[in-house]
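Okay, structure first, notes after.
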Amino acid sequence: MKIRVGHLYPEYLNIYADRGNIAVLAQRAAWRGHELEVHSIGMGDDLESRGHDLIYVGGGQDREQALVAQDIAGKGECLREAAAEGAVFLAVCGGYQLLGRFYRERSGAELPGAGVLPLHTVAGDRRMIGDVLLECELEPGERRTLAGFENHAGRTILEDGAEPLGRVVAGHGNDGSSGFEGCRAGRVIATYLHGPLLPRNPWLADWLLAEAIAHRTGDVPTFEPLADELEAEAHSVAAARARTRGGRA
Ligand code: GLN
């Protein structure tokens with residue numbers, strides 16, 4: 001089947017090769033006989049709340065976030081409706097911050113967000129940079145790890161009702177002190193992890209694809225496992241790096 005993907009602001013929010021996540025989703029879908037139909041959604045573009053099975057937004061510097069903030073805030077109602085009706089979201093770093101209520105830059109300027117997630121972010125003086133390793137449980141009883149790279153000034157505060165994506169094993173995470181990283185609300189997954197994220201965490205790519213198909217069909221498919229030796233190697237190398245040097249000042 002065709003999985004309809006909405007890629008928000010690919011021209012502005014795409015650092016650390018974040019668009020590589022789309023390539024991984026497309027390839028892993030194709031290996032299962034499905035096709036990704038990717039629509040770029042830019043400034044001033046209309047957004048239909050039921051138009052996509054998966055919505056993706058990458059990371060970006062403060063400058064780029066400032067350029068798109070008013071526009072994504074304007075799409076907020078539609079994005080909240082999409083999340084409420086079960087669309088899958090993957091948001092990375094700057095995109096993660098703009099799914100919240102606001103991002104306050106170091107200058108004190110407050111960039112409005114889409115208000116899809118109950119959280120806000122405040123930029124601090126010291127950037128949080130390095131390899132990260134998380135432990136998360138998207139499905140009850142299924143503990144998995146996510147390995148990636150973070151580089152952000154923002155400290156994200158999860159508000160009432162917000163659930164973290166995972167527990168920090170190594171790295172800074174949301175704020176360098178809470179011990180949590182990212183935010184998860186049903187099928188909405190938001191994280192600081194770049195890399196890009198999905199090549200070294202194929203299980204999450206498959207989870208996102210399966211949930212996107214379920215958004216369309218009502219049933220979560222069971223995928224045949226793929227020969228992920230290379231991905232598993234990339235994951236363990238990244239995890240080892242995080243354990244030895246993640247979260248260092
Ligand atoms: N500009 C934001 C920050 O510094 C996000 C950075 C990013 O996307 N890597 O926190």
Side-chain angles (χ1 to χ4, degrees), residues 7-22 41-43 55-73 79 89-117 119-134 146-159 162 164-166 168 170-178 180-184 188-201 204 238 241-242 245-249:
H7 187 175
L8 289 168
Y9 316 110
E11 294 81 17
Y12 293 94
L13 300 181
N14 174 45
I15 53 177
Y16 293 110
D18 286 342
R19 81 169 62 232
N21 290 320
I22 296 272
I41 303 165
M43 309 279 260
I55 291 175
Y56 175 71
V57 55
Q61 306 297 357
D62 289 15
R63 199 181 78 84
E64 279 72 31
Q65 289 175 288
L67 291 171
V68 304
Q70 287 297 344
D71 191 86
I72 200 170
L79 290 168
F89 283 64
L90 176 62
V92 175
C93 205
Y96 163 28
Q97 296 166 340
L98 289 177
L99 282 194
R101 292 190 305 114
F102 65 83
Y103 171 50
R104 189 177 301 137
E105 298 180 319
R106 288 180 61 199
S107 66
E110 221 167 80
L111 306 181
V116 172
L117 294 169
L119 57 90
H120 62 276
T121 304
V122 178
D125 295 335
R126 190 173 53 78
R127 296 193 69 81
M128 296 188 278
I129 301 175
D131 299 285
V132 192
L133 183 64
L134 308 184
L146 286 176
F149 181 81
E150 62 183 333
N151 180 348
H152 53 110
R155 278 84 174 138
T156 295
I157 294 95
L158 302 185
E159 299 164 4
L165 172 62
V168 174
H172 299 283
N174 281 342
D175 57 9
S177 58
S178 68
F180 293 116
E181 199 289 323
C183 184
R184 187 251 172 125
V188 178
I189 303 290
T191 177
Y192 273 115
L193 271 59
H194 292 284
L197 171 69
L198 297 181
R200 55 189 86 177
N201 302 285
L204 179 60
R241 259 201 324 243
R245 61 183 196 191
R248 301 279 182 285

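Any value given below was found using the heavy atoms of this structure, including those in side chains, with hydrogens, waters and symmetry copies removed. For ligands, and for the atoms within them, numbers begin at 1 and follow the listed sequence. Bear in mind that the values here come from a model prediction, so they are computed numbers and not experimental data.
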Tell me, with the steps shown, if F149 and H194 meet ring pair (Phe, Tyr, Trp, His ring centres under 6.0 Å). CA-CA 5 Å; F149 181 81; H194 292 284; 7.3 Å; no
Within the 4.0 Å heavy-atom sphere of ligand 1, strictly under, residues: I15, G59, G60, Q61, D62, Q65, C93, G94, Q97, Y103, R127, N151, H152, A153, G154, H194
When you check the side-chain N and O atoms of [X] and [Y], is any donor under 3.5 Å from an acceptor?
X	Y	result
E181	T191	yes
Q97	Y192	yes
Y103	D62	yes

More than 12 heavy atoms of other groups within 6.0 Å of Y16 OH: yes
Return yes if some donor-acceptor pair links the side-chain N/O of R127 with the main-chain N/O of N151 below 3.5 Å, else return no. yes
